[in-house]
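What follows is a single structure, written as structure tokens, with notes after it.
To find a chain, count down the sequence lines: A is the first, B the second, and so on, and within it residues start at 1.
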2 protein chains.
Amino acid sequence: MSKRQKTAIRSRRVTAVDVAHLAGVSRSAVSRTLTEGASVSSETRRKVLRAAEKLGYHRNALVRGMINQRSGIVGIVTGSLDNPFIAEGLERLSLRLQQEGLKTLIYSGDAESDLQVALPSMIEYRVDGCFFLSNDLSPNAAAKYTKLDIPLVVVFNSNMRGISDHGADIPVGAVSVDNVEVSARVADLLVDNGRQRFAYMAGLPRATTNRERRRGFEEGLIARGRKLDALQVGNFNYEDGCIAARKLLSQDERPDAIYCANDAMALAAIDVARSEFDLDVPNDLAIVGFDDINIASYPAYDLTSVRQPVEEMINVAADLMLRLIRDPAQRPMEIRLKSELVQRASTRRA
Amino acid sequence: MSKRQKTAIRSRRVTAVDVAHLAGVSRSAVSRTLTEGASVSSETRRKVLRAAEKLGYHRNALVRGMINQRSGIVGIVTGSLDNPFIAEGLERLSLRLQQEGLKTLIYSGDAESDLQVALPSMIEYRVDGCFFLSNDLSPNAAAKYTKLDIPLVVVFNSNMRGISDHGADIPVGAVSVDNVEVSARVADLLVDNGRQRFAYMAGLPRATTNRERRRGFEEGLIARGRKLDALQVGNFNYEDGCIAARKLLSQDERPDAIYCANDAMALAAIDVARSEFDLDVPNDLAIVGFDDINIASYPAYDLTSVRQPVEEMINVAADLMLRLIRDPAQRPMEIRLKSELVQRASTRRA
DNA sequence: ATGAAAGCGCTAACAA
DNA sequence: TTGTTAGCGCTTTCAT
């Protein structure tokens, strides 16, 4: 039994050879017709296209990837999509990559331990590059994987300014915002607002986003002759934010201003303050968040928050990645964009 | 110049041949070592593993996929991740697929026109199957692609019960909930609650989820001697939900109960009612949503909603897909799960 | 248990 | 512009 017959039994997928036969041309002609900017006579092209259409031919991208050493697939490792901010980043990024003709292999899972599973598998699939979208990825974590010669770009996080965990600078691209500066402006806002006792609700302690925001806030307060009066950790999520808020609001000297390292925790603070402590936000208590997710602007919360320019960050990150992929000599760089403090009712005194 | 030399210039990736050389065995031995349940002496295996480790070898999954006609990649097409419900579904599904050793190629974009881009590209990458996670995918849309012999499973949507747009049943798997039944129970709840004028806020008109929810609600009202007094379309999103809410609440005979086809619109209804019409929810107006996203339970809203068992739905869908992939003779099936009406403050009269 | 050899479906370099 | 000829890196019979 010939091999063609054998495979035919299980309804073999149609290949370029089949198309070539039907069109009465060589397999190369088929390949060329389907390749941008190859030279084919319009006559041949027409024949090929007709045959392909008739046979329902779809070229095999896996094989193409194998041949030109470029899979056309980009990996994205994300933290939990429970965070609308991360979800938005993922959506925008995958949209952009689609526009660039790239496919997106995702891996979601927050723990750093997940990386140890995600990365090898990304490598087996020969992704052309890999993004990390997370509000918590230590430079260390990413750096561990730079020996693999695929470009890595971290979005939303960065290396802690002026502090290098590794002594050397780490060859991973990063796009983030001016967390320190804007957090100082949050301090200004609250001081100008006449607040007296200042608290910070921290995200995941190791996250650079968290550390920078805290530092900027604290420095900003000190610059105005105040100090950070209280701190609780909310781990960037609503549930832990509720617990942290309870602790902060149960204190003897209750804070009258809380800066939260992200919006999820800020919503928690508002909910707890109102429903459990019967406090009036903003009159008894000012709350500021970070990220400016959609819900922040809903009337039920009307939360003052720091807006990260997600769209721009994603585009900058994608540009960087494309450069890195196209030219391996390119050095990854760390990029900081400006964020914007959006004032809403949660800090507006009656 | 030999070809080996030529490619070596651009730092060629290490291949199985390299490992075989270093280990002093044949390439087949390497392949077998890395394949479950192939026969290799532990001696050889050890040598191979050591060499692979030393060289930093990662087998090429693209080539494997090409050879055994199974890429190990599954596609997921999702609607906007702006909807937390879809985002949760995506996260759970990709997690489950990871556990099964499958990779996830995603394509997000809501319009049906996107499908025409997404599907061909999924096919080129030879996905083993494809999921659709969307609160709006007409059976027609999916059916168009069944000629491609890859298994398709739609989650959250289904074919309209008793109505076949195609005359024949469509060979696409589907996992959804008992939208009609539960919506009738929503009607019961509101009637029992003493409400008088009933409105429905519709999602995307063509979506079967939307049509089933409306039908169940309407039938439920009629069964209780009432009727649907008003209807506005909110397209499943917050912004359009606000507009729809304004229209409903500006009517002469203002409804005192609104059933919204999803939570995003229900939040909009609550926000508009309170902030623009100065109404008390639930005393002046009862609101019911659908999906039971996290925010629904936040004190600021405390929304009565219909909980879809996302985790179970995803697992059932994944099971179905795995069966379909492993045994091409399997017929896709349509599965309905039971949803749960969760009562909260938005319908609880003082 | 192991190696040799024949592909998987496609692209690219080379002649013609 | 076209067809021919080598591969890309791996898996898998088939002998041994």
Side-chain angles (χ1 to χ4, degrees), chain A residues 1-21 23-48 52 55-72 123-126, chain B residues 1-21 23-48 52 55-72 123-126:
Chain A
M1 179 161 72
S2 92
K3 125 160 282 281
R4 169 119 308 187
Q5 280 175 321
K6 192 169 77 198
T7 48
I9 291 169
R10 35 148 33 220
S11 129
R12 210 175 39 83
R13 271 205 175 275
V14 12
T15 76
V17 186
D18 302 321
V19 178
H21 281 163
V25 298
S26 75
R27 63 194 67 175
S28 331
V30 177
S31 180
R32 279 193 279 260
T33 299
L34 268 22
T35 303
E36 276 304 310
S39 62
V40 220
S41 72
S42 59
E43 171 60 13
T44 309
R45 150 173 253 98
R46 211 181 39 70
K47 284 194 292 188
V48 169
L55 259 33
Y57 171 70
H58 298 270
R59 71 212 304 202
N60 188 328
L62 266 32
V63 176
R64 301 191 68 207
M66 164 181 109
I67 291 173
N68 30 242
Q69 308 278 26
R70 186 140 301 173
S71 65
I123 293 157
E124 293 200 345
Y125 278 87
R126 297 293 187 268
Chain B
M1 179 161 71
S2 91
K3 130 156 279 280
R4 168 120 309 187
Q5 281 176 319
K6 194 168 77 195
T7 48
I9 291 169
R10 34 148 34 220
S11 128
R12 212 173 39 83
R13 271 204 175 275
V14 13
T15 75
V17 186
D18 303 321
V19 177
H21 281 163
V25 298
S26 75
R27 62 195 68 177
S28 326
V30 177
S31 181
R32 279 193 279 261
T33 300
L34 268 21
T35 303
E36 276 305 308
S39 63
V40 221
S41 70
S42 58
E43 171 61 14
T44 308
R45 150 173 253 98
R46 211 181 40 70
K47 285 194 291 186
V48 169
L55 260 33
Y57 171 70
H58 297 269
R59 69 211 305 201
N60 188 328
L62 266 31
V63 175
R64 301 192 69 208
M66 163 180 110
I67 291 172
N68 30 242
Q69 307 279 25
R70 186 140 301 174
S71 64
I123 294 158
E124 293 199 345
Y125 278 86
R126 296 294 186 266

Could you work out which one of C:dC10, D:dC10, D:dT2 sits closest to the side chain of A:Asn60? C:dC10
Closest heavy-atom pair and its distance - [X], [Y]:
X       : Y       : answer
A:Leu62 : B:Ser71 : CD2-CB, 3.8 Å
B:Ala38 : B:Arg32 : CB-O, 3.6 Å
B:Thr44 : B:Ala29 : CG2-CB, 4.0 Å

Select base, sugar-phosphate, or nothing to describe what A:Thr35 touches, counting heavy atoms under 4.0 Å on all strands. nothing
So do [Y] and [X] actually touch side chain to side chain, heavy atoms under 4.5 Å?
X       : Y        : answer
A:Val30 : A:Thr33  : no
A:Arg59 : A:Thr35  : yes
B:His58 : A:Arg126 : yes

Determine yes or no for a side-chain-to-main-chain donor-acceptor pair under 3.5 angstrom, with B:Asn68 supplying the side chain and B:Arg64 the backbone. yes
Taking 4.0 Å as the cut-off, does a side-chain nitrogen or oxygen of [X] come that near to OP1 or OP2 on [N]?
X       : N     : value
B:Thr15 : D:dC8 : no
A:Gln69 : D:dG9 : yes
B:Arg64 : C:dC8 : no

Side chain to side chain contact (heavy atoms under 4.5 Å, CB included) partner of B:Val40, chosen from B:Lys47, B:Arg46, B:Arg45: B:Arg45
Nearest-Å distance for atom pair [atom1]/[atom2], residues [X] and [N]:
X        : N      : atom1 : atom2 : value
A:Glu43  : D:dT2  : CD    : P     : 9 Å
B:Leu55  : D:dG9  : CG    : C1'   : 15 Å
B:Arg13  : D:dC10 : CZ    : P     : 11 Å
B:Glu124 : C:dC10 : CD    : P     : 10 Å

More 5' along DNA chain C: B:Ser39 or B:Met66, using each one's nearest nucleotide? B:Ser39
Go through residues 25-33 of chain A and report each residue with a non-hydrogen atom lying under 4.0 Å from DNA chain D, sorted by number.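 Result for residues 25-33 of chain A: A:Val25, A:Ser26, A:Ser28, A:Ala29, A:Arg32, sorted by number.
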Describe, as an angle rounded to 10 degrees, how the axis at the first end of the helix from C:dA1-D:dT16 to C:dA16-D:dT1 is tilted relative to the axis at the last end, five pairs per end. 30°
Give the intermediate values and the outcome of side-chain contact (heavy atoms from CB on, under 4.5 Å) for residues A:Val48 and A:Tyr57. CA-CA 10 Å; A:Val48 169; A:Tyr57 171 70; over 6 Å; no
